[in-house]
Amino acid sequence: MSHSTRCAACKSLRRRCTKDCVLAPYFPPTNPQRFACVHKIFGISNTAKMLEQLPLHLRPVAADCMSFEASSRVEDPVYGSVRIISRLQEQIIEAQSELEKTNGEIAFHNAQQQLQQQQQMQQLQMIHAVAQEGEDQPSWLNSSQQDPFSNVNQQLFGDYNYSSTFCGFEF
């Protein structure tokens with residue numbers, strides 16, 4: 001890197017930024033606060049060592065993680081990022097509980113709907129069965145009572161044979 005575009009780490013330490021500066025890609029001069037937090041919590045030596053030990057493709061993620069942990073620790077010296085992680089775990093537990101409750105309600109409503117459908121099918125089957133039985137009989141007769149007047153005749157006349165003949169017709 002040229003002398004005029006030093007990284008935030010080299011600017012903070014008031015040193016020249018070399019072409020092979022390990023910190024330059026992860027701590028640009030436009031964001032000095034990011035390096036200040038990391039430097040305050042981890043130190044320049046530890047930060048550089050951690051980044052050097054990692055493969056190139058993992059270094060950006062590691063720098064982001066160090067920056068997040070450092071800024072969390074600066075904001076909350078006692079708990080740091082643990083407080084955020086704890087809140088997120090609580091939210092996950094609440095969401096899982098809500099999901100289980102909702103799934104239970106869905107299962108209950110599905111069972112209710114299935115029961116109603118079964119009852120409707122049974123009613124339709126009964127109506128269909130009665131309609132098929134009714135096709136064999138006259139429409140004015142119902143299946144439980146063959147002669148609609150048999151009870152009335154029994155009450156009025158008892159066992160008396162009330163059939164008679166009149167002009168050759170039997171009643």
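Given the structure is predicted, the values throughout are model-derived calculations rather than measurements. For the single chain, residues carry numbers from 1 onward in sequence order. Hydrogens, waters and symmetry mates are skipped; everything else that's a heavy atom, side chains included, is used.
Note: Arg14 CZ to Arg6 CZ = 9.0 Å, rounded to the nearest 0.5 Å. Note that NE2 of His128 and CE of Met121 are 11.0 Å apart. Values are rounded to the nearest 0.5 Å. Rounding to the nearest 0.5 angstrom, the gap separating the CZ atom in Phe27 from the SG atom in Cys17 is 12.5 Å. With rounding to the nearest 0.5 Å, the separation of CD1 in Ile93 from CG in Leu88 is 11.5 Å. Separating the NE2 atom in His57 from the CZ atom in Arg59 is a distance of 11.0 Å, to the nearest 0.5 Å. Gln91 contributes atom CD, which lies 9.0 Å from atom CZ of Arg87 (distance to the nearest 0.5 angstrom).
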task: Just do the salt bridge (Lys or Arg N to Asp or Glu O under 4.0 Å) check on Arg34 and Asp64 with the steps written out, would you?
output: CA-CA 9 Å; Arg34 177 177 162 119; Asp64 289 342; 2.8 Å; yes

Ignoring hydrogens and angles, write down the donor-acceptor pairs under 3.5 Å from the side chains of residues 35-44, residues two or more places apart or on other chains.
from	atom 1	to	atom 2	distance (Å)
His39	ND1	Ile44	N	3.4

Residues 79-86 side chain polar contacts: donor-acceptor under 3.5 Å, at least two apart:
from	atom 1	to	atom 2	distance (Å)
Ser81	OG	Glu69	OE1	2.5
Arg83	NE	Asp76	OD2	3.0
Ser86	OG	Val82	O	2.9

Show me, pair by pair, the donor-acceptor contacts under 3.5 angstrom made by side chains of residues 96-115, not counting sequence neighbours?
from	atom 1	to	atom 2	distance (Å)
Thr102	OG1	Glu98	O	2.8
Asn103	ND2	Leu99	O	3.4
Asn110	ND2	Ile106	O	3.4

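The two atoms that bring Asp20 and Thr18 nearest to each other are OD1-OG1, 2.8 Å, heavy atoms only. Of all non-hydrogen atoms in Ala48 and Val22, the two that sit nearest each other are O-CG1, 4.3 Å. Annotation for Arg15 and Leu23: closest pair NH2-CD1, 4.5 Å, computed over non-hydrogen atoms. For Asn31 against Ala8, the heavy-atom pair with the smallest separation is O-CB, 4.1 Å.
Counting only heavy atoms from C-beta outward, the side chains of Pro32 and Ser12 never approach each other to under 4.5 Å. Using a 4.5 Å heavy-atom cutoff, the side chains of Met66 and Met50 are in contact.
A distance-only check finds a donor-acceptor pair linking the side chain of Ser71 to the backbone of Ser67 [under 3.5 Å].
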